[in-house]
2 protein chains.
Amino acid sequence: MPDTALPPRPRQRDPDQTRRSILDAALTEFAEKGLSGARVDEIAARTATTKRMIYYYFGSKEGLYAAVLEEMYGGIRDAEQALDLGSLDPVAGMRRLVEITFDYHAAHPEFVRMVAVENIHNARHLEHAPLVADRNDTVIRTLRDLLDRGEREGVFRPRIDAVDLHMLISGFCFYRISNRHTLQRIFGRDLTAPAHVAAHRRMITEAVLAWLRPEG
Amino acid sequence: MPDTALPPRPRQRDPDQTRRSILDAALTEFAEKGLSGARVDEIAARTATTKRMIYYYFGSKEGLYAAVLEEMYGGIRDAEQALDLGSLDPVAGMRRLVEITFDYHAAHPEFVRMVAVENIHNARHLEHAPLVADRNDTVIRTLRDLLDRGEREGVFRPRIDAVDLHMLISGFCFYRISNRHTLQRIFGRDLTAPAHVAAHRRMITEAVLAWLRPEG
DNA sequence: TTATGGACTAACCAGAAGGTTCATAACCAT
DNA sequence: ATGGTTATGAACCTTCTGGTTAGTCCATAA
């Protein structure tokens, strides 16, 4: 009997590639279905490898989830660290920061969904991603610097809390993405339509600047 | 042989009570764990009745979920319809509306979580709760009325879109509740501390009013 | 009294889902 | 080449879970 065995697909060993592929597939699946809604088999099916590899590299479903979460926060950190607002005057710098925040959320709904999912789980897994807290220091420091300079120049009100302001900004940017489905159902509006995107971008920018302006 | 039977717990038959009890238990469980994270057995255990009754009254896990969701939106509708802003001047009325919205979200984190969960599922179940869309007309109409009057009196800018404004307001109110766990982890702040609550309440109110003020 | 139908229950089931076993192929240093 | 380590794959196992079956209980109307 001749050798009828299928030519064994040349197994290429590439740990990094395999890890990446799992992480990418998991991101999609978790962002789409949430932690408990996601299926490990489904994630495996999305990758070129097998379920076994998920456990080999990440230990458990939750381990994988935590890894994805950490990865996720890395992205926005990079985006924010990239901009150099030191050269701009406070008002222009603030405007720029709001716009960047708005644009990042609009461009990365998976990030928004992952954070929303993590909040459903009371941010339990953030514990296992300790370096996440770091990145936010960057934004807060940038914000504080802008506020200080603006106050000195008399274009911003004094005693604004940077964290509160950050929440005001990212709150709206986050909300319009995280809640776009219910909003769409209820108001019958396509929030991704360019006209609405532009209007929202202008609204949050101007609202923030209006609020910061001294002598209300 | 004497009658050793335990006194049979007098089974009280009360369909409404049973339904309510299931709905309450389900709300807790769904808000806590999400749709797929919630366990029907767990919900049953929280009630005085059994799992079978859940299927008897609601047909399926998703049917129960949809029922809870609808119930949920009912609450905020009532709260908003209760206030009569017609007698207040536009600025005071707007301030009041923002404050009510803020307070409602702060007081009802379960509502916030249910909506967040529903968005993870792309608002798929809102289809089965058709009367939900109604309630929002109320807010939008109230808002539009305030905006019109304010514009006529020259205290608000013209051509403000009521839905956009609604999003600006509820966006922040929603976000500080929906994301409080990740925010807490990252900034190490207890967002429920009275000082922060008060600061946030003032911030969103003033930001909205500042933005609405004419001649930016 | 008895019959009727809504309210309720315990036990069960099939399939799904997370996690594991064991064999083995590819790679690398010697 | 060779021995040991890392990476990979297919099938398997166990537990859980949504949903069902088959039947009991009880208030009321006839």
Side-chain angles (χ1 to χ4, degrees), chain A residues 3-26 28-30 32-69 117 121 124-125 128, chain B residues 3 5-30 32-69 117 121 124-125 128:
Chain A
D3 182 10
T4 57
L6 295 169
R9 166 163 92 54
R11 226 194 310 185
Q12 63 220 18
R13 295 158 56 98
D14 187 343
D16 289 351
Q17 169 60 32
T18 303
R19 255 187 83 98
R20 257 260 64 77
S21 143
I22 292 174
L23 234 28
D24 288 345
T28 310
E29 181 80 359
F30 282 131
E32 210 166 281
K33 320 250 187 80
L35 171 51
S36 39
R39 298 293 160 234
V40 177
D41 281 308
E42 193 61 31
I43 295 172
R46 279 181 198 269
T47 72
T49 81
T50 62
K51 185 164 64 157
R52 177 69 185 75
M53 287 298 93
I54 292 173
Y55 287 92
Y56 183 71
Y57 284 113
F58 300 98
S60 68
K61 187 189 187 182
E62 296 218 355
L64 174 57
Y65 172 83
V68 171
L69 194 66
V117 167
H121 295 285
R124 199 186 334 132
H125 310 85
H128 307 300
Chain B
D3 181 11
L6 296 168
R9 161 164 95 54
R11 215 190 325 178
Q12 62 223 19
R13 295 157 58 99
D14 187 342
D16 288 351
Q17 169 59 33
T18 303
R19 255 187 84 97
R20 256 262 63 76
S21 143
I22 293 174
L23 234 28
D24 288 346
L27 166 55
T28 310
E29 181 80 0
F30 282 131
E32 209 167 281
K33 318 252 187 79
L35 171 51
S36 39
R39 296 292 160 238
V40 177
D41 281 309
E42 193 60 32
I43 294 172
R46 279 181 198 269
T47 72
T49 79
T50 62
K51 183 164 66 154
R52 184 66 186 80
M53 284 298 95
I54 293 173
Y55 288 91
Y56 182 72
Y57 283 114
F58 300 97
S60 70
K61 187 189 188 183
E62 296 218 353
L64 173 58
Y65 172 83
V68 171
L69 194 65
V117 167
H121 295 286
R124 201 186 332 130
H125 311 85
H128 308 300

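Throughout, protein chains are lettered first and strands after them, A, B, ... in sequence-line order, and every chain is numbered starting at 1.
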K.L.:
Kindly write out the residues that satisfy side chain to side chain contact (heavy atoms under 4.5 Å, CB included) with B:Thr49, not counting sequence neighbours, or none if the list is empty.
P.N.:
B:Thr18, B:Ile22, B:Thr47, B:Met53
K.L.:
Among pairs that include at least one residue of residues 49-61 of chain B, which meet salt bridge (Lys or Arg N to Asp or Glu O under 4.0 Å), considering only residues two or more places apart or in two chains?
P.N.:
B:Asp41-B:Lys51
K.L.:
Rounding to a whole Å, what distance do you find between B:Met53:CE and D:dC25:P?
P.N.:
15 Å
K.L.:
Can you check nucleotides 16-23 of chain C for protein contacts, nitrogen or oxygen pairs under 3.5 Å, and list what you find?
P.N.:
unit_1, atom_1, unit_2, atom_2, d
C:dA17, OP1, A:Arg39, NE, 3.0
C:dA17, O5', A:Arg39, NE, 3.2
C:dG18, OP1, A:Ala38, O, 3.3
C:dG18, OP1, A:Lys61, NZ, 2.9
C:dG18, OP2, A:Val40, N, 3.0
C:dG18, N7, A:Lys51, NZ, 3.3
C:dG19, OP2, A:Tyr55, OH, 2.8
C:dG19, OP2, A:Lys61, N, 3.1
C:dG19, N7, A:Lys51, NZ, 2.9
C:dG19, O6, A:Lys51, NZ, 2.5
C:dT21, O4, A:Arg52, NE, 3.1

K.L.:
Are A:Val40 and A:Leu64 packed together at the side-chain level, in the sense that at least one heavy-atom pair is separated by less than 4.5 angstrom?
P.N.:
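Result no, sub-4.5 Å side-chain heavy-atom pair not found.
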K.L.:
Of the non-hydrogen atoms in B:Arg39 and B:Glu29, which two are nearest, and what is the gap between them?
P.N.:
N-OE2, 3.3 Å
K.L.:
Using whole Å, report how far CD of A:Gln17 lies from P of C:dA26.
P.N.:
18 Å
K.L.:
Can you list the residues that meet the ring-ring contact (aromatic ring centres under 6.0 Å, His included) rule with A:Phe30, with sequence neighbours excluded?
P.N.:
A:Tyr65
K.L.:
Measure across A:Lys33 and B:Ser36 and return the closest heavy-atom pair with its distance rounded to 0.1 Å.
P.N.:
O-OG, 4.4 Å
K.L.:
Rounded to the nearest angstrom, tell me the gap between atom CZ in B:Phe58 and atom C1' in D:dG19.
P.N.:
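Rounded to whole Å, this separation is 16 Å.
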K.L.:
Got a sec, which residues hit side chain to side chain contact (heavy atoms under 4.5 Å, CB included) with A:Glu62, two or more places apart in sequence or on another chain?
P.N.:
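Side chain to side chain contact (heavy atoms under 4.5 Å, CB included) list for A:Glu62, sorted by chain: A:Leu35, A:Ser60, A:Arg124, A:His125.
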K.L.:
Could you check B:Arg20 against B:Asp16 for salt bridge (Lys or Arg N to Asp or Glu O under 4.0 Å), going step by step and ending with a plain yes or no?
P.N.:
CA-CA 6 Å; B:Arg20 256 262 63 76; B:Asp16 288 351; over 6 Å; no
K.L.:
Output the rounded distance in Å from CD (B:Glu42) to C1' (D:dT17).
P.N.:
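Between C1' of D:dT17 and CD of B:Glu42: 12 Å.
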K.L.:
Detail all sub-3.5 Å separations between protein N/O atoms and N/O atoms belonging to nucleotides 4-6 of chain C.
P.N.:
unit_1, atom_1, unit_2, atom_2, d
C:dG6, N2, B:Arg13, NH1, 2.4
C:dG6, N2, B:Arg13, NH2, 3.0
C:dG6, N3, B:Arg13, NH2, 3.2

K.L.:
Within the 4.0 Å heavy-atom criterion, would you say A:Tyr57 contacts the bases, only the backbone, or no part of the nucleic acid?
P.N.:
sugar-phosphate
